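Let me begin by presenting the structure, written as structure tokens, before commenting on it.
The structure displayed is predicted, hence computed values, not measured ones. Whatever order the structure lists ligands and atoms in, that order sets their numbers, starting from 1.
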Amino acid sequence: MKLRLAILFLSLMFIIGCKEQGVQLLSPSIIPAPQFLKVDARHFSIDAATIISNGDDFTHSVDFLKAFLEQGTGRNWETNYTTENIITFEYDGAITSKEGYTIEINEQQILIKASTDTGAFYAAQSLIQLMPTDFLDSKNISEIHIPAVTINDEPRFKYRGMHLDVSRHMYDVDFIKKYINAMAMLKMNNFHWHLTDDQGWRIEIKKYPRLQEVAAYRDSTLLGHYNDTPHQYDGKKYGGFYTQEEVREVIAFAKARHINVIPEIELPGHAQAAIAAYPELGCTGENVQVAMKWGVFEDIYCPSEETFTFLENVLDEVMELFPSKYIHIGGDEAPKTQWKTSAVAQQVIKENGLTDEYELQSYFIQRMERYLNSKGRQIIGWDEILEGGLAPNATVMSWRGTQGAVEAAQAGHDVIMTPTSHAYFDYYQSENDDEPLAIGGFLPLEKVYNFNPIPQELTKEESKHILGPQGNVWTEYMKTSDQVEYMAFPRMLAMSEVAWTNEANKDYSGFLNRLEAFHKRLDALDINYANHLYEVSGVLNDSLAYELSTVTLGKEIRYTTDGTIPVATSTLYERAIPFNQNLEINTTVFKDGKALGKMFKQELIYHKGVGATLTIDKTPHSAYAGSGATGLINGIKGSDSRYGDSEWLGFWGEDLEIEIEFEEPILISEIELRFYNAPGQWIYAPKQFSFYSRFESGALVADKILLKNEAQSSLVDFKYDFGKYNKSNKSKNIKFIIPNYGFIPEGKQGAGNKAWTFIDEIVIR
Ligand code: ACM
């Protein structure tokens, strides 16, 4: 199929009036956007006599569409052949993409062509999205009007994935099916089912009953956030597992929707639940409990023959259930501490001529790979499997950034892209303070949408190894399926477009307008999506004025600066608000006099650093670049409880020098510095910092200040009396030397790695 650039009719015209007949047609809002879409003013009407025809082709997709139509129209649908008032499915061998299809709609018929059942299924999904959004809710619709479109479509990537962690929290089979059904609607084709982890083993393995009796349950669960101290627990037993019968049911349900289910059985780390059931699988022989809090644990499978036999037996049952070519074997976050002191592990290192525990991890993975390859399967592992030597046939799931992807693709390995920066849907999606508790980070919809899964370092040839992207849903902070939906939607919609639609045919503002229309479709599916479309965001511009914006068309922004809640008659935002005094802005989006979405509140502190020149000798990490260096003196403090917003700057393991030059010398009385502190996320406030300031008189003052964080709070907000250095002399500049905290101590998350430093507003009074 030859594709041309899509013609995007979507952004402005929601309604195409078809005047002659007084028919109101919805503008197509298909997600993911087809590669080519053309709309004309005609339409096809589905009425009581419309039938379906498919010859012998695509029976399964036709049945799928028929079931949908029968549900919406409340009548039986005949399969027959006529030339009019018909939906026709036709085989077309000229469509070379196995997942591609075309749709041609005129007044007489809807003509669908594909060369495989998958292509026909995706055509049916697009056709369903051309129906009114309330189609399923309004039974016995006598006439349904569908705009006359021409669509030529095929995916950009062959792997289009969504992941779900069911270890940290578990959801019933009906929900798993609902999730898979939504994936199918979005033309995603791989469901990565994270079935085992420290906090619970969730798949029935008949040979090992203690996995069901012991590993599937934890005695208690952490309350609140991991960074809260002291840790508190709910004291309630939690758990369960999917029976093999249920697993089969899920796989069949997914298969009917052209979705492959990839099971993940974590090894050699994230194995504490299994070791709790069978302590002999560990290196210490000691009894451990199924983990009750989140993080990385030192209990790890010992590389004994007994462990390999266990894992092979487990995988035998897994392979019996899952037809997937790929089996995910984890491989991430496997601390080597226990292997260092284990006689068994050291013996394996010696006997196999390995240099260290990293090579032992590689040995472990390669052995599992050989086993799975011998059964005709392929492994996927998280990017840590690159350390110590990559297993020969492994596909790498790149999550800690894209470096692993580049390395693997250059070495000729296939790669699936799930970097935390663009694909971790457990991160916050909004800067609103009232977002439900999440692990941390900040991944707004736009960032997901703008993800390009092909790392720029790769050549065209190397980039063929990038199979596609995947959104990951880790569920530490998602106790209910409602919460999973809130975190996964609408980011899953954005990811579907990343996976399906060519870069040249993507357009964020067009996507947002389709998403706005799509809300009704999500409502009809009873999906608890997050709606951040009607929020206001603000940014301080170069002329020190505060600009407000909102993302959808046809809305008003209204605001107040006196602390009151905006109403329909509050000041209409028309131009940036000058920032020359302290400001408290409350603002809300309105349409037709009605407030939509949440109020956005922003305090701006007009301190003496605002408008000065600030330089940092390091560039913030690309994932935490906030609003750039000047964000440290823009009058806006970052969140007290989140480090991933647009104000905090994150630096990994680096010492910093920050210099502020004032336009005119100023008299400083007090300086406030703010550091984030979240040991669970490897973020530590520095232990001390120094500063230097040159006075107008030419004198220089310097001091070193120790920071204490005895309270272990997530924010180290430190104010110091600068006046004591000089009460009357004005400063020309001030320079801070801020050493990184250093290596994370033993026993803490990320032990042995360099800590992150997060800094935000430097308030100068
Ligand atoms: C991961 O997030 N540990 C793969």
For atom 3 (N) of ligand 1, what's the nearest protein heavy atom and its distance?
Asp332 OD2, 2.6 Å

For Phe308, is the NZ or CZ atom of Arg367 found under 6.0 angstrom from the centre of its six-membered ring and inside 45 degrees of the ring axis?
yes

Where ligand 1 meets Trp474 - atom numbers and elements under 4.0 angstrom, heavy-atom basis:
1 (C), 2 (O), 4 (C)

Looking only at distance, does Tyr424 have an N or O less than 3.5 Å from an N or O of ligand 1?
yes

In terms of atom number and element, which parts of ligand 1 are under 4.0 angstrom from non-hydrogen atoms of Glu333?
3 (N)

Just by distance, no angles: are the side chains of Glu264 and Trp382 close enough, under 3.5 Å, to form a donor-acceptor pair?
yes

Cation-pi check for Tyr428 against Arg642: NZ or CZ below 6.0 Å from the six-membered ring centre and within 45 degrees of the axis, yes or no?
yes

Does NZ or CZ of Lys336 lie under 6.0 Å from the centre of the six-membered ring of Tyr358, at an angle within 45° of the ring axis?
yes

